[in-house]
Q: 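Mind having a look at this structure? Questions to follow.
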Amino acid sequence: MATSVFALEPLWLALLLQALAALLLFLIGAVVVGYLEHKVLAHMQDRLGPMEAIWHGIGQLPADGLKFLQKEDIIPTAADRWVFALAPAVAVVPGVVVIAVLPFGPGLWLTDLDAGIFFALAASGVTVLGTLMAGWSSANKFSLMGGLRGAAQLISYELPLVLAAAAIVIQAGTLSLPGIVEAQHGFTLFGVPMIYGIPHIIGLGLFFVAALAELSRPPFDMPIADSELIAGHMTEYTGMRYAFFMLSEYAGMVILSALATVLFLGGWYPWPGVGLPEGAAGMVLGFVITFAKILVLSAIMVWLRATFPRMREDQLQRLSWSVLIPLGLLNIVLVATAKVWF
Amino acid sequence: MSVPEVVMLATGVVGGAAALLVVTSRNVVHSALYLVVALLAVAGVFLVLGAEFVAWAQVLVYVGAVVVLLLFGLMLTRAPIGPTGQGNELGKAMPLAVALAVFAGLVALIVTSYGGEVIALEHVPPAALGEVLYVAWALPFMTLGFLLTLALIGAVVIARREEGEGPLPEPDPDEPEAAEASPPDSSSWPQRQPEPTPDEREVSA
Amino acid sequence: MSETLPHEGGVILPGGPGEAMSVEIRDGGLVTQEMNLNIGPQHPATHGVLRVVIDLDGEVIVRARPVIGYMHRGFEKLAEARDYRQIIALVNRHDWLSAFCNELGVALAVERLMELEVPERAQWIRVLMSEWNRILNHLMFIGSFGLELGAITPVFFSFREREDIQSFLESATGGRLHFTYTRVGGLKEDLPAGFLDASRQMAATMRSRNDEYRQLLLGNEIFQARTKGVGALAPDVAVDYGVTGPTLHATGVAEDVRLSEPYCVYDELDVKVPVRTNGDSYDRFVVLLDRIDASLDLIEQVHEGLPAGPVNRKMPKTVKAPEGATYVRTENPLGQGGYYLVSDGGKTPWRMRMRTPSFSNIQMVPELLEGSLLSDMIAILGSVYFVVGDVDR
Amino acid sequence: MAAPSLPGSGLLKGLGLTFKTMLSPATTAQYPHVKPELPPRTRGVIALMEENCTVCMLCAKECPDWCIYIDSSKETVPVEGGRTRTRNVLDRFAIDFALCMYCGICVEVCPFDALFWSPEFEYAEYDIRELTHEKERLREWMDTVPPPPPLEEGAVPPAEIEAGIAAARKEAEEAVAKAKAAAEGGGEPEAEGPQIDEELFARLVAEGTPERAARAKAKAAFVKAQKRREREQGGDQ
């Protein structure tokens, strides 16, 4: 197994580099996926999307960022100042932390935890605290309801997400993300090298649906519901703090797509059994392949957003508890049986 | 002191301080948020002790789910913002006494169990943990799981039995859609106020 | 504004300072308190400045009260100080989505008072314009309904169509929204060359596009789950409240002025009124789509039968309606429009009263909202078709 | 009860449509780069043909929101060999486009064809006062006024235009020669009132169709036949 390129000798340098890289990846990932959403959504709606900033609107999101910077930072009088101010940070930090364990190529990860997938899921689950804090502290009824719905939704969908991931962990026999990629690389189905996503199609579906719900992405965007709750927990936010929430949403898309890539789509390998060249070329190629897979998954998320209306709160709760969770448990049983059998 | 000891001490202090704030804070939601800090500090302690898996489990279950559930409940009942009065006026002495007693008991337990024994910090890989949990302690683990499942089922049963408000019943999606060509049929006019039926009540967390 | 129930008996646990919430225990159970929520006047779901004050128990709406009047501009009073030509420019504007149908109603009222016979060709063109206006209006609601349910694409599609239709209507009327094309005694001027071809072409396009909406939304299981059985309106209640138009047709009542009291040349045309029976949001939406097809049928009939001839009668410089009163009903896109015109023989009306469909439709809202979920409120408000300007006038 | 969850055909159909749309070219108009082509009747801005204005004040009086400002003075014009006559001189003619509601009544009531619509619309200003266009500015818009579009088949041009055309034609004819006896008014349709296909009408009434409906059908048939005739004539020439 390859070691991280960040395993440098002076510890402080390694840490600094890691922090920088995590932040950079977080920002770049969010901006790229944000641009993807702008354009894909626009074309699906028979329009062009941003066209003016630089070339085909490629500079739109940085420009938006600049605009957010100069906007007035408003904290409502009745708001709980500290909680209100902290909430965006709480929403963003888990994303940055999770980046640390995501493998973006052979050796291209910041740290390889033994319980990598478990850590990633645990940390990304903390994001909802930001939503809750924002919803509660805004002193706004719409925000409060958004926060409530967000919390209810997260509790319901955390379970299918973890169950879907658990099945893969059973299959791969490791919790480490690079470990899963390597295990998948050697996986064969009746002698044919195969990504996990094909035999584990149920798991993939579960994971994807649950990820959408975790991110409050349509059709599970009841907590945000702009036509109803007026952006829910974000109603009272302006400027940079609002931008932080948007960043965390897009980064969340990157993170969960990356997790799905690792778990189901073979990570940085083009296909299990097909190797990559050694050294820097392999790293670059691996990074490109990983990112391409992430972008495809993100584009599917955007595609769903373009097409579907949102589900009502009680419907999506019912979906989780009476369909996804039993399905997830069944999936685990099936996978475990198959694993022992073969 | 070595680096792990310093980190251990720091997380311990943060956790202790946060725990104190949990009980002294006037604002319930603030209390819950301090609880998050305290629980994260505990996760940090686990991490220093090399129990990586337990640390993440702490984050996933306690921070990600339990506190969220707690906040959910608080928002539902104590929606408006601001400090929440005096609350239960049983005095502060009794809770304090109980807390101190528990603390003393735990300290005594740890001291008598380990005494001055120095435990070597080592990283416990999840595989080893699994080995212990599912091989050596399989029966207690399964019993526990069984017990929790029973509790869950019980909770569902109780929740379902309770009559009361809830969302309107779902329309039956299998119900045949009114055909484009079919003539208006007054018998299929809907009721003005459909009554929620207990069977269709949502069973949520 | 708060209409919460008084606490009768029970134990009230203390709430904090400035805290509206307290906990009451009665009959062994927790008595919850309702939350008062203002939807609007600035809220994306209300298409303008309608305000709905609702009391929520959890997410269930206990009480709902629409508060109207934020957009009152005194159209009826203004009309008393405007001559008939100016009124036509004025009534374009209260329901900005049914501009042509409104001006037509006023023109019909004046013509009836004056006992004018409008040239045949003008009447056919009036039908053509009314039906295109109806489609424009329905497209708007189709798009916004999808948007309210969280489907963001239909609105872009429907605005694409609206843009195309407006463009060729502009070639005849000069306006995109406020057509001001009717005149007392006929029309402003005849259609420009090429208009009918553009209209034919657009009708064909519109038919295929209408299927796209069906494909995008109607079959969608999430859409069905959000709309079927939501806000079901019983036909007798709808009739009691004076609900008209697509909202009424969805309940199974096929009352349509174009059939029951035809104006212009509707009696010479084959008018189809699509009807559904459930009266819920889903049916209201389907009726809207079906009405577009029905309007396209009418438009095609007009293409076939449009006679030659003048579109205007020679009118005096100042139009004066003789003394008397009349009431004209028209089938506007959102329902029945009524124009009560009283003249004392002068060049301005003595009184002009409008019965607007939106105003009657909005009366239904409390009836439908009470007992439904907050999320369903969006589906209901989006499908009880109204324009706030038309409500408040 | 079954949750509406299993992704059914409806969900896929919608996805198919959005995907298809993504692959087809977008309809967005790149406005500032590509100007829209507006029809001649578009009510964009009002242009003033100052020479035609006689300061009759009709437009200002009829304007529903009184956004037309006219100042005038009297001027005596000496007439050779006769009494001096007074004449109205237009000192100021301004339209406040910040107030204007673009109803077009002023253009319509002007008896001397001094006001016209132009489809130009790009005259937004940073200062609202700039939106009051004085007569010089309004005169400039005159250059952008397009000729009125030809009318749709079957239309009858307004009487005054017809009379004007006829007069002009007559004048032209007189000037050229008096020899030819050309038929006048080639462009007008032959039928003024609603004509019907009598044969069909009689047949339908005989069949028991209500008279109005029968008349409508007969009329439609007549119009169709007439159009066909015209087309054939056009083809012959």
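Model, not experiment: these values are computed from the prediction. Each chain gets a letter, A, B and so on, in the order its sequence line appears, and its residues count up from 1.
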Q: Relative to chain B, which segment of A:Leu86 carries a heavy atom at a distance below 4.5 Å: side chain, backbone, both, or neither?
A: neither

Q: Heavy-atom distance under 4.5 Å to chain A: side chain of B:Val61, backbone, both or neither?
A: neither

Q: Less than 4.5 Å apart, any side-chain heavy atom of B:Leu60 and any of A:Glu158?
A: yes

Q: Relative to chain A, which segment of B:Ala55 carries a heavy atom at a distance below 4.5 Å: side chain, backbone, both, or neither?
A: neither

Q: With chain B as the partner, which of A:Leu132, A:Leu159, A:Val126, A:Leu129 has the greatest number of non-hydrogen pairs under 4.5 Å?
A: A:Leu132

Q: Could you list all the ring pair (Phe, Tyr, Trp, His ring centres under 6.0 Å) pairs where at least one residue sits in residues 45-68 of chain B, not counting sequence neighbours?
A: A:Phe118-B:Phe53, A:Phe119-B:Trp56

Q: Which heavy-atom pair separates A:Ala151 from B:Val68 by the least distance, and what is that distance?
A: CB-CG1, 3.7 Å

